[in-house]
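So that the names make sense, note that chain A is the first sequence line, chain B the second, and so on, each numbered from 1.
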Amino acid sequence: VVTYNTLIHGLCKSGKLDEAFKLCEEMKRASCRPDPVTYNTLIDGLAKAGRLAEACNLMEESGVHPNAVTYNILINGLGKRGLMEDALRLFEQMKDQAIDPTLLTYGILVEKLGKSGRSDESLRIFLEMRDKGCVPDKFLYHSLIHALAKTGKLAKACSILREMKQDGYMPDVTTYNFLITGLCKARKIAEATGLVAELKEAGELPNVVAYSALIDIHGKSGQIDEALRLFEEMKVQGCTPDLLTYSSLIDAFGKNGRTDDARSLFEEMKANGCKPDQVSYNALIYGLTKAGDLYGANKLYLEMKANGCTPNVVTYNILVDGLSTAGDMSTAFGLLDEMNKKGCDPDVTTFNILIIRLSKAGHLESACRLFEEMSSKGFVPDDFTYNGLIDALCKGNKVEEAHRLFDQMNTHSTLVD
RNA sequence: UCCGGCGGCUUUUG
């Protein structure tokens with residue numbers, strides 16, 4: 001059995017799932033019964049290939065009792081795809097079957113819930129884990145601190161940090177970065193800066209992540225000079241800016257109309273060995289479109305492709321928005337065709353852009369048609385869609401239509417809740 | 001046989 005399991009594991013790891021399943025059949029014929037390890041290996045192979053439904057079926061149909069590893073695999077697979085309800089359902093199911101969750105089970109849930117912004121539930125799982133006498137490791141503490149900090153629950157994050165210390169885990173740069181980035185996200189710039197100062201006094205130099213977070217938030221709040229000062233400071237301290245640091249600054253320049261500065265920083269970035277990626281190109285292109293330089297934006301779009309950097313849906317959204325804002329709907333729709341051909345799927349934002357630009361330009365009918373189309377394609381209109389359309393309808397003296405949409409919005413949002 | 005670490009880009013209401 002062990003030999004077969006090892007071989008099956010190897011096949012799964014190299015993505016040869018079909019062969020792995022064949023080998024499993026062969027071992028049965030050789031009257032060697034597959035054991036839980038065999039099935040877990042196959043289930044993991046399926047889950048990693050994104051075939052979660054099949055993975056779940058295999059657990060039920062294998063005739064072998066699932067164990068904690070089986071559940072961990074499936075819960076992780078579901079959580080990775082944001083299917084938290086299904087993951088939590090399996091978690092309950094495993095407890096119903098008297099299978100004890102492991103540290104890993106809790107860790108996966110705390111982290112994945114946190115990633116989907118559900119820090120309250122992360123905390124709930126964490127407490128449940130401790131009730132059961134399970135001792136968290138440093139990773140689990142980090143997942144929880146991250147989840148709490150990201151959702152602005154900084155006091156709670158700090159109290160968990162104290163518990164972590166009491167458990168004998170020393171906080172490190174990453175631990176503090178969770179707090180710093182959390183403060184930045186909550187726009188508590190002074191507090192973030194203060195925390196960094198405290199760490200400096202304690203002899204802990206902020207790393208590139210902390211500096212980038214501070215630079216980013218200063219840029220976003222219009223304090224470009226301070227962002228640039230931090231940029232210089234980090235270099236003096238021997239902390240090398242990376243792609244994300246540059247992208248934040250390029251974005252800040254672009255948003256403030258400083259397109260020349262954005263361009264030259266982009267060049268400096270390349271000269272310093274950072275290969276531009278989609279985000280950095282997008283930030284630069286965005287700045288150009290906002291400055292009305294659609295020609296320059298298009299040139300960069302071409303350059304991006306020529307450099308082997310594949311435009312993503314954000315790239316197209318930026319360009320489509322720039323074009324449609326300028327009233328060039330035909331080129332905008334041409335780009336939609338192009339993204340279609342390239343296999344890049346539009347998202348809710350793409351539709352929002354078109355709907356809002358069309359309605360602002362007075363093409364309310366086309367906008368409403370697109371609204372229907374997006375729903376029929378399975379996209380759920382969000383606040384942007386509704387607010388944009390309602391605003392345009394009101395301004396177009398179609399208050400009744402606006403009211404109907406408003407009611408529809410309320411009906412749908414309560415359904416989602 | 002199972003997980004996992006922090007920061008960057010786009011759309012409404014000037």
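Heavy-atom distances under 4.0 Å link RNA chain B to Asp321(A) of residues 321-334 of chain A, given in residue order. Within residues 208-222 of chain A, the residues having any heavy atom closer than 4.0 Å to RNA chain B are, in order of number, Val208(A), Val209(A), Ser212(A), Ala213(A), Asp216(A), Lys220(A). Near RNA chain B, defined here as any heavy-atom distance below 4.0 Å, there are no residues from residues 51-65 of chain A. The stretch residues 236-250 of chain A touches RNA chain B through Asp242(A), Leu243(A), Leu244(A), Thr245(A), Ser247(A), Ser248(A), each having a heavy atom under 4.0 angstrom from the strand. For RNA chain B, the neighbouring residues in residues 354-361 of chain A, judged by any heavy atom under 4.0 Å, are Ile356(A), Arg357(A), Lys360(A).
Residue Lys290(A) places none of its side-chain N or O atoms closer than 4.0 Å to OP1 or OP2 of rC9(B). Between rC3(B) and Lys48(A), a contact under 4.0 Å exists linking OP1 or OP2 to a side-chain N or O. Close to rC3(B), at under 4.0 Å from its OP1 or OP2, lies no side-chain N or O of Tyr106(A).
Not counting sequence neighbours, the partners of Lys13(A) by the side chain to side chain contact (heavy atoms under 4.5 Å, CB included) test are His9(A). Listed by chain and number, the residues in a side chain to side chain contact (heavy atoms under 4.5 Å, CB included) with Lys270(A) are Phe266(A), Glu267(A), Pro276(A), Glu303(A) (sequence neighbours excluded). Not a single side chain to side chain donor-acceptor pair (under 3.5 Å) links Arg369(A) to another residue, sequence neighbours left out.
Counting only residues at least two apart or in different chains, salt bridge (charged side-chain N to carboxylate O under 4.0 Å, His left out) contacts with residues 145-160 of chain A comprise Asp120(A)-Lys153(A). Contacts classified as side-chain hydrogen bond (donor to acceptor under 3.5 Å, both in side chains) and involving residues 177-190 of chain A (residues at least two apart or in different chains) are given here: Asn177(A)-Asn207(A). Sorted by first and then second residue, the pairs that involve residues 293-302 of chain A and meet salt bridge (charged side-chain N to carboxylate O under 4.0 Å, His left out), not counting sequence neighbours, are Arg263(A)-Asp293(A). Screening residues 209-239 of chain A for ring pair (Phe, Tyr, Trp, His ring centres under 6.0 Å) gives Phe231(A)-Tyr246(A) as the qualifying pairs, with residues at least two apart or on separate chains.
Rounded to an integer number of Å, the gap from Asn282(A) CG to rU11(B) C1' is 14 Å. As a whole-Å value, the separation of Ile318(A) CD1 from rU10(B) C1' is 5 Å. Atom CD of Glu111(A) and atom P of rC3(B) are 12 Å apart (whole Å). Distance Asp391(A) CG to rG14(B) P: 6 Å, rounded to the nearest Å. Counting to the nearest Å, the P atom of rC6(B) and the CD1 atom of Ile160(A) are 19 Å from each other.
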> Do Asn5(A) and Thr41(A) pass the side-chain contact (heavy atoms from CB on, under 4.5 Å) test, and can you show the C-alpha distance, the side-chain angles, and the key distance before you say yes or no?
Replying inline: CA-CA 8 Å; Asn5(A) 284 349; Thr41(A) 307; 5.6 Å; no

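With respect to the salt-bridge test (charged N to carboxylate O, under 4.0 angstrom), the residues Glu338(A) and Lys305(A) qualify. A salt bridge between Asp172(A) and Lys138(A) is present, with a side-chain N of the basic residue lying under 4.0 Å from a carboxylate O of the acidic one.
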